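The structure under discussion appears below in the form of structure tokens.
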Amino acid sequence: MELSPTYDPSTVEDKWYSYWMDHKFFHSEPDSRTPYTIVIPPPNVTGILHMGHVLNNTLNDVLIRKARMDGKNACWVPGTDHASIATENKVIQKLEAEGIHKEDLTREEFLKYAWEWKEEHGGIILKQLRKLGASCDWDRTRFTMEPELTKAVVNTFVYFYKKGLIYKGVRMVNWDPERLTALSDEEVVYKTTKRSFYYLKYFISDGKGKPTDKYIVIATTRPETIMADAAVAINPEEEEFHWLRGKKVLIPLINREIPIIEDSYVKIGFGTGCLKVTPAHDVNDYAIGLRHNLPVLDIIDDHGRLNEKAKILVGEDRFAARKKIVKMLEESGNLDHIDNNYESEIGYSERTNAVVEPKLSAQWFLKMDELAKTALASVDEGRVKLIPDKYRNTYRHWMENVHDWCISRQLWWGQRIPAYYLPDGRYVVESTLQEALEAAKKLDPSVKAEDLRQDEDVLDTWFSSWLWPISVFDPDMPGHPDHKPNRDLSYYYPTNDLVTGPDILFFWVARMIMAGDEFMGKEPFRNVYLTGIVRDSQGRKMSKQLGNSPDPLTLIQKYGADSVRIGMLLCASAGNDIFYDEKQVIQGRNFCNKIWNSYRLIKGWTVDEKLEQNDVNKLAVKWFDSKLNQAIETVEDHYSKFRISDALMTIYKLFWNEYCSWYLEMVKPAYGEPVDKATLEATLSFFDKLLKMIHPVMPFITEELWQDLAPRKDGETIMREKTPAAGEWDEKLLSDFDSAMEAVNGIRAIRQQKQISPKNALKLMVKGGFPEEMYPVVSKLANTESIEKVEDFGSSDGVSFMVRTYEMFVPLKGLVDVDEEIKKLEAELEYQKKFLETTRKKLSNENFTAHAPEKVVATERKKEQDSLSKIATLEAQLKSLK
RNA sequence: GGGAGCAUAGCUCAGUUGGUUCAGAGCGUCUGCCCUACAAGCAGAGGGUCGGGGGUUCAAAUCCCUCUGCUCCCACCA
């Protein structure tokens with residue numbers, strides 16, 4: 001293979017990805033090996049790859065590739081979720097563009113369009129993941145709304161219903177009166193809006209429904225809802241209003257009598273301190289209503305108009321009604337005053353921009369208390385580990401304050417709730433229409449299939465995804481805890497690690513733990529690695545509006561997938577937000593190029609079989625072998641703690657600094673010269689290990705080079721090689737080498753200062769016990785013509801420097817400014833004296849010597865000794881200079 | 001309003017149970033180099049009173065208190 005001077009990923013990546021796919025290297029089947037399983041956090045089927053996915057899936061891929069190379073049977077299950085809200089909205093938008101309105105379609109017609117859309121556009125993201133190098137087992141690709149998984153979801157609903165955990169309740173939803181649909185919280189945009197604050201007089205009733213001359217004033221922004229009032233609330237702590245206790249007041253205009261109640265929800269000092277309670281049209285009022293058993297009177301219809309229950313202004317739009325009623329209240333003398341300088345947050349529909357109307361509606365709920373208790377224990381008792389563990393607090397807080405889960409959604413795209421209504425309004429819950437009919441017949445023998453009406457609502461998408469780690473392997477399991485898990489589920493469950501964002505810790509992670517506990521009696525994973533949010537370099541969230549979200553595929557095209565992966569991981573410590581900057585990808589690209597060129601260098605060497613391995617090479621090989629082994633252990637430790645970016649950085653530095661800058665420079669033959677066989681073999685073997693170490697992070701370039709490194713057969717791949725194991729290392733050798741490197745650095749610094757070219761060989765004199773076996777290394781890398789061990793430097797015409805406690809000297813005739821040297825030495829002497837002083841102060845402190853561990857005291861004594869000897873040396877030098 | 005977290009070099013972060021030569025890395029910055037692997041590079045250098053204040057200790061970036069600034073989650077105000 002001819003190698004170009006720079007690495008070109010475009011010629012490499014598709015080639016190897018196809019090779020991996022063709023050989024089914026990603027595919028896993030149960031066998032005798034230990035499994036290592038990850039299920040993908042299913043992206044929206046409508047989604048396209050963004051930087052958050054890149055981060056998440058890069059981490060997943062690193063973990064899965066590492067596990068595969070560690071000899072595990074690695075299985076990464078990919079797939080998508082049907083994302084009810086997002087998908088339904090996209091389909092609606094598309095249809096609107098064609099002039100088709102959802103309201104004009106039947107459910108079946110709409111779903112047909114939706115499936116067509118899904119087939120056409122869905123799953124793009126999975127194709128994109130391949131570009132990133134994701135080694136998913138594509139044969140196992142799943143979709144949360146495919147028939148099998150839908151069955152799992154429906155069965156689960158029936159199971160919990162029959163267990164008594166699912167019930168029908170009332171809940172306030174965000175209603176869009178224009179589109180006539182309920183909105184999810186995410187679809188409501190809150191905007192600060194200037195409004196009028198109306199102060200209304202409510203007269204005290206005389207007990208017979210007639211007003212007295214006493215009144216109270218309440219403040220409201222929605223005077224058109226007063227006809228739905230159920231009470232006026234005061235704070236029990238507020239003595240000013242105690243005279244109202246037990247009294248009743250009359251709603252203006254309609255003169256309906258409502259009680260004064262006391263509730264601590266009312267804030268003292270806000271408004272007038274008297275709150276009109278309207279349970280049907282305000283979330284908080286509804287809660288108060290529940291506490292005080294107040295009647296619920298709904299006076300606004302689906303279109304936002306007052307209905308006949310309002311008694312007055314029937315048929316008027318809520319805003320028109322507001323204007324009119326204010327006038328009426330003014331005329332009746334019930335308007336105290338209007339404050340027009342009031343601002344508050346109002347929810348608007350994301351799509352129609354209509355003001356959202358809180359509306360009571362029937363919904364399905366899943367009781368969470370028991371499930372949450374078990375799921376909390378799973379984390380508390382360490383069966384599921386959160387990384388970083390600061391999220392344990394957050395998790396606990398949520399689980400202890402859990403609300404019942406509202407699982408119904410007023411949409412069509414999703415799993416329809418398997419509740420079937422009889423004509424009389426009673427209902428049965430069964431998995432299929434057939435079973436429902438049988439059950440219904442027990443209630444009413446005359447009932448026929450066509451009489452049964454299935455619930456219109458679908459289930460929350462999370463109600464599918466919480467089954468994901470189970471259902472992807474065995475869709476028959478959820479809903480049937482007594483079912484015997486199939487082969488796949490028994491083998492792959494529980495999965496090992498889950499990588500996801502902290503924003504869905506509760507929505508998804510906690511609920512998966514609940515489902516796992518419920519159906520498998522086992523948590524679905526052992527470790528949950530929570531990533532941060534990807535932000536731009538200024539710390540802003542990535543968003544389409546800001547245009548600060550780069551397209552990952554463009555980046556991959558420009559820099560290569562390996563570079564993008566590196567760029568993401570470099571700054572990705574767990575739990576911290578990621579500040580993405582293209583600079584990091586460039587750094588990754590540069591690293592690819594470094595690896596590439598180090599290979600070009602080695603590849604260009606010619607070997608001379610008869611050549612003896614020289615001392616420098618012998619040492620270099622021994623040293624790098626030690627260095628490598630030490631690094632392998634460090635990397636393993638980082639991985640075991642999920643410190644992926646630290647693991648990457650360790651290998652990065654090992655490759656770039658130790659291998660390229662030091663090792664290769666040491667063993668590199670002079671231009672045109674051959675290298676000895678032993679050194680070449682060692683060099684190639686090191687390179688092979690380095691490639692394997694970095695492969696999980698950089699799959700493409702490593703495969704490309706590994707394939708070229710030695711003759712390979714078809715079907716061989718670096719991805720199925722073993723992670724290099726850490727061998728022994730020689731501490732003394734490493735330490736001696738550090739000294740040698742310091743000496744080299746010292747000489748290089750002198751060259752820089754004195755403008756001496758690296759080509760001019762220098763003399764070096766050494767005092768003290770600097771290890772002699774390191775001389776050849778220093779000589780080669782610092783280009784010295786001689787290294788001499790002396791008692792005395794003999795002359796002062798040169799530059800001295802210290803390496804640890806060894807004194808070194810480079811004679812430089814005529815190049816040295818004596819005054820400058822003296823200054824430098826004096827500064828150093830000053831510093832050493834001060835250092836000695838602090839050390840001695842510590843040592844003379846009896847408390848220190850008495851309390852501190854012996855080891856620490858010994859260190860201090862060593863410091864004192866070293867310092868003393870340095871001072872003596874410096875003083876001698878100064879004397880000779882002067 | 002309720003809860004959680006963060007603050008270490010210009011930037012992004014390490015710093016394990018307080019204690020091995022007055023705090024480390026990567027990137028960036030500055031200086032000198034195209035020395036035939038790589039200028040997407042090489043060599044060298046500078047840069048931090050560990051947010052402020054107080055306390056515990058022989059010893060604090062590390063433990064405690066307090067102040068300041070920022071972030072996130074939950075509930076959202078008639």
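Please read all numbers here as calculations on a predicted model, not as lab measurements. In what follows, every chain begins at residue 1, and chains take the letters A, B, ... in the order their sequences are listed.
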What is the separation between atom [atom1] on [X] and atom [atom2] on [N], rounded to the nearest whole Å?
| X | N | atom1 | atom2 | value |
| --- | --- | --- | --- | --- |
| A:R392 | B:G5 | CZ | P | 12 Å |
| A:L505 | B:A4 | CG | C1' | 12 Å |
| A:E860 | B:C58 | CD | C1' | 11 Å |
| A:W398 | B:C72 | CH2 | C1' | 17 Å |
| A:Y663 | B:C38 | OH | P | 20 Å |
| A:I533 | B:C70 | CD1 | P | 19 Å |
| A:L836 | B:C22 | CG | C1' | 13 Å |
| A:M399 | B:C74 | CE | P | 15 Å |

Inset, instruction - Mind checking side-chain hydrogen bond (donor to acceptor under 3.5 Å, both in side chains) for A:Y559 and listing every partner two or more places apart, or none if nothing turns up? - result: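 If we apply the side-chain hydrogen bond (donor to acceptor under 3.5 Å, both in side chains) test to A:Y559, skipping adjacent residues, the hits are A:E582.
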Legend entry - Residues in side-chain hydrogen bond (donor to acceptor under 3.5 Å, both in side chains) contact with A:T225, at least two apart in sequence or another chain: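 Listed in chain order: A:K276.
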Polar pairs (N or O, both sides) under 3.5 Å between protein and nucleotides 15-20 of chain B?
from	atom 1	to	atom 2	distance (Å)
B:G15	OP1	A:R643	NH2	3.2

Inset, instruction - Please figure out whether A:A219 or A:P5 has its closest RNA chain B nucleotide nearer the 5' end. - result: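 Checking each residue's closest nucleotide, the 5'-ward one belongs to A:P5.
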Inset, instruction - Would you mind telling me which residue lines up with the more 5' stretch of RNA chain B, A:T6 or A:T272, judged by nearest nucleotide? - result: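 Nearest-nucleotide comparison on RNA chain B picks A:T6.
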Using atom [atom1] in both nucleotides, what's the gap between [N] and [M] to the nearest angstrom?
| N | M | atom1 | answer |
| --- | --- | --- | --- |
| B:G18 | B:A59 | P | 15 Å |
| B:A25 | B:G46 | P | 12 Å |
| B:G24 | B:G69 | P | 33 Å |
| B:C13 | B:C50 | C1' | 13 Å |
| B:C63 | B:A7 | P | 11 Å |
| B:A43 | B:G51 | P | 34 Å |
| B:G28 | B:C67 | P | 41 Å |
| B:G54 | B:U12 | C1' | 31 Å |

Quick one: do the [X] and [Y] side chains pair a donor with an acceptor below 3.5 Å?
| X | Y | answer |
| --- | --- | --- |
| A:E864 | A:T839 | no |
| A:D339 | A:Y199 | no |
| A:E704 | A:Y599 | no |
| A:R804 | A:S735 | yes |

Legend entry - Heavy atoms of other groups near A:K201 NZ, more than 12 under 6.0 Å: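 Yes, NZ of A:K201 has more than 12 neighbouring heavy atoms, counting only those of other groups under 6.0 Å.
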Measuring from atom [atom1] of [X] to atom [atom2] of [Y], what distance do you get when rounded to the nearest 0.5 angstrom?
| X | Y | atom1 | atom2 | result |
| --- | --- | --- | --- | --- |
| A:F507 | A:W462 | CZ | CH2 | 7.5 Å |
| A:N760 | A:T784 | CG | OG1 | 13.0 Å |
| A:R589 | A:I566 | CZ | CD1 | 13.0 Å |
| A:K641 | A:D637 | NZ | CG | 3.5 Å |
| A:I216 | A:F241 | CD1 | CZ | 7.5 Å |

By nearest atom, which of the nucleotides [options] is closest to the [X] side chain?
| X | options | value |
| --- | --- | --- |
| A:D282 | B:C77, B:C35, B:A40 | B:C77 |
| A:L601 | B:G32, B:C35, B:A37 | B:A37 |
| A:S661 | B:U12, B:C42, B:A37 | B:C42 |
| A:N845 | B:G41, B:A43, B:C58 | B:C58 |

Inset, instruction - Please list every stem that involves RNA chain B, where a stem is a run of 3 or more consecutive Watson-Crick or G-U wobble pairs with both pairing distances under 3.5 Å. - result: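 Result, WC/G-U stems under 3.5 Å: B:1-7 with B:68-74, B:10-13 with B:24-27, B:29-33 with B:41-45, B:51-55 with B:63-67.
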Should [X] be listed as having a side-chain N or O under 4.0 Å from OP1 or OP2 of [N]?
| X | N | answer |
| --- | --- | --- |
| A:N284 | B:C76 | yes |
| A:N593 | B:C38 | no |
| A:K668 | B:A37 | yes |
| A:K267 | B:C76 | no |

Between N or O atoms, less than 3.5 Å apart, protein on one side and nucleotides 44-51 of chain B on the other: list the pairs.
from	atom 1	to	atom 2	distance (Å)
B:G44	OP1	A:N745	OD1	2.5

Heavy atoms only, 4.0 Å cut-off, all strands: where does [X] land among base, sugar-phosphate and nothing?
| X | result |
| --- | --- |
| A:T221 | sugar-phosphate |
| A:V266 | base |
| A:F579 | sugar-phosphate |
| A:C592 | nothing |
| A:G273 | base |

Inset, instruction - Report the C-alpha separation of A:E860 and A:K863 in whole Å, then their side-chain angles, then the decisive distance to 0.1 Å, and conclude whether the salt bridge (charged side-chain N to carboxylate O under 4.0 Å, His left out) test is met. - result: CA-CA 5 Å; A:E860 289 303 312; A:K863 279 191 207 173; 2.9 Å; yes
Legend entry - hbond_proxy A:E665 side chain to B:A37 base (donor-acceptor, 3.5 Å cutoff):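 Side chain to base: pair present.
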Inset, instruction - Compute the ring centroids of A:Y659 and A:F655, then answer whether they are less than 6.0 Å apart. - result: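 That pair passes the under 6.0 Å test.
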Inset, instruction - Taking all heavy atoms of A:A372 and all of A:V402, pick out the closest pair and write down the distance. - result: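 The answer is CB-CG1, 3.8 Å.
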Legend entry - The single option from A:K833, A:Q832, A:E837 passing side-chain hydrogen bond (donor to acceptor under 3.5 Å, both in side chains) against A:S867: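 Exactly one candidate clears the test, A:Q832.
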What nitrogen or oxygen pairs link the protein and nucleotides 26-30 of chain B at under 3.5 Å?
from	atom 1	to	atom 2	distance (Å)
B:G26	O2'	A:Q587	NE2	2.6
B:C27	OP1	A:Y652	OH	3.4

Legend entry - A:E224/A:R318 ion pair, N-O < 4.0 Å: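 Salt bridge between A:E224 and A:R318, a charged N being under 4.0 Å from a carboxylate O: no.
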